[in-house]
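Reading through the structure tokens given below for one structure.
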Protein chains: 2
Amino acid sequence: MTIRAMESSRAVDSGSSRRQLTRQKLYEAAVTLIAEQGFSATTVDEIAERAGVAKGTVYYNFASKSVLFEELLRHGVRLLTTSLREAAEKTAQDGGSKVDALDAMIRAGLVFIDRYPAFTQLYVAELWRTNRAWQSTLMVVRQEAVAVVEGVLRDGIANGELSEEIDIPLTAAALVGMVLVAALDWQAFQPERSLDDVHAALSRLLQGRVSGNR
Amino acid sequence: MTIRAMESSRAVDSGSSRRQLTRQKLYEAAVTLIAEQGFSATTVDEIAERAGVAKGTVYYNFASKSVLFEELLRHGVRLLTTSLREAAEKTAQDGGSKVDALDAMIRAGLVFIDRYPAFTQLYVAELWRTNRAWQSTLMVVRQEAVAVVEGVLRDGIANGELSEEIDIPLTAAALVGMVLVAALDWQAFQPERSLDDVHAALSRLLQGRVSGNR
DNA sequence: GGAATTAAACTGACTGGTCAGTGCAAAATC
DNA sequence: GATTTTGCACTGACCAGTCAGTTTAATTCC
């Protein structure tokens, strides 16, 4: 087992040392507060209080408020890309088509957003800002996620399943956006709908079964 | 004519009284700064400086920083919904189908975002936040925009052009999201692409011409 | 088993700086 | 001469980050 692998496995299982526990509590407190109010409007005192921890502890665990935020971002996006990749690989193993893979990724995206709505909110709110300290972190991390979708599109074109005319990066971005915005709207404005409902609506859009009679 | 009516009519035509000119400069300064940095991270001093105006003038024209921002929001969304509605009505007059209307609205959305990228950035960043002062303003204004899309979908189903199975609110939200995110990605990550390119990619997605051979 | 020792983790009062908003007299503009 | 803008000093609240001291838990030693 490589050192790298050890590190990432430790980072993935939310370790249970005292320190890891505190960090976890801080992540959870920060993610909801920042999703609600934005980064600048959220104070370190608030985060500490919500986490049930003294302010000094925040600074014992993170170099600064923005470092806390950056690590939070990385942590969250790692979860998302992992889950997208798994969804794509699973349908491949089951001998599904590429459209099936896209559909499975849509569902995986919805499940993620359903489980971590605050993180998604915060991510969308920060992604297109310019001139912010964590800008580069966000770009890298966005590219990772979109690349998974682009890969599936590329494979689909290669095997003739998808039209050669589609613009890979633009279509990938549009698909991601479709899922993101539909899911946030679902959460915010019609939370009574089931995940299956939302998935069905997006599937239909993906597969061009919007326009008429069939 | 009531005082209220006078105020709002004056706010609509970007009038050219001395006062209106100052307000316009303040809007422009505020929209870019807030898009870049967020509301809380942007100071009133910065806005005044960028607008080339004294700080006192900001407070002579707006009751507070957040009032300035709210009026900015209303101003911007008014422009967007007007332009969406016009696009939909135009294709209707030209005897176009409902899918044509949707397509025209996609283009209108893209044109708007192309012209006012900072406003769009800022709008997306604030829309799904909870617990903010201008939350209700945003909700109302979002509903206006989505309603235009929903109306076209509803008409399309009524005349048999669109499938009865589609979920109107969810599909409308997904379409708006598709355009929004694709456009922001276009601006941020591949600004060299032309508006026509982006429009073509989204049209294809809308009309289900993604999956191969036909 | 229990006392002593140690390092890691945590605490919270404090500091220095920042910023929204005020006040006002003088100047510019219409 | 009325409205609008300027310039700038000032206030009071708020907040990121610091640090000297305390607690916790694990280890060593008797």
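Note on naming: letters A, B, ... go to the chains in the order of the sequence lines (proteins, then strands), and numbering restarts at 1 for each one.
Here Asp196(A) pairs with Arg107(A) under the side chain to side chain donor-acceptor pair (under 3.5 Å) rule; sequence neighbours left out. For Asp100(A), there are no salt bridge (Lys or Arg N to Asp or Glu O under 4.0 Å) partners two or more places apart in sequence or in a different chain.
Atom-to-atom, CD of Gln20(B) to P of dT5(D) comes out at 10 Å; the value is rounded to the nearest Å. When rounded to the nearest whole Å, the span between CD of Gln24(B) and C1' of dT4(D) equals 18 Å. As rounded to whole Å, 15 Å separates atom C1' of dT24(D) from atom CZ of Arg19(A).
Among the atoms of the strands shown, only primed sugar atoms or phosphate atoms (P, OP1, OP2) are found under 4.0 Å from some heavy atom of Val53(A).
The ring pair (Phe, Tyr, Trp, His ring centres under 6.0 Å) contacts involving residues 30-67 of chain B comprise Tyr27(B)-Phe62(B), Phe39(B)-Phe69(B), Phe39(B)-Trp134(B), where partners must be two or more places apart or lie in separate chains. Here salt bridge (charged side-chain N to carboxylate O under 4.0 Å, His left out) pairs that include residues 120-130 of chain B, with residues two or more places apart or in two chains, are Glu126(B)-Arg129(B), Glu126(B)-Arg132(B). The side-chain hydrogen bond (donor to acceptor under 3.5 Å, both in side chains) contacts involving residues 113-125 of chain A comprise Asp114(A)-Gln187(A), where partners must be two or more places apart or lie in separate chains. Among residue pairs with one or both ends in residues 54-77 of chain B, those qualifying as salt bridge (charged side-chain N to carboxylate O under 4.0 Å, His left out) are Arg23(B)-Glu71(B), Asp45(B)-Lys55(B); sequence neighbours excluded. Screening residues 143-155 of chain A for side-chain hydrogen bond (donor to acceptor under 3.5 Å, both in side chains) gives no qualifying pairs among residues at least two apart or on separate chains.
First and last contacting nucleotides of DNA chain C toward chain A (any atom under 4.0 angstrom from a heavy atom, 5' to 3' order): dA8(C) to dG12(C).
Residue Tyr60(B) places none of its side-chain N or O atoms closer than 4.0 Å to OP1 or OP2 of dT5(D).
Taking both residues in full, the closest heavy atoms of Ala172(A) and Leu153(A) are given as N-CD1, 3.8 Å, listed atom of the first, atom of the second, then distance.
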Which parts of nucleotides 15-22 of chain D does protein reach within less than 4.0 Å, heavy atoms only, written one letter per nucleotide 5' to 3' as B for base, S for sugar-phosphate only and - for none?
SBBB----
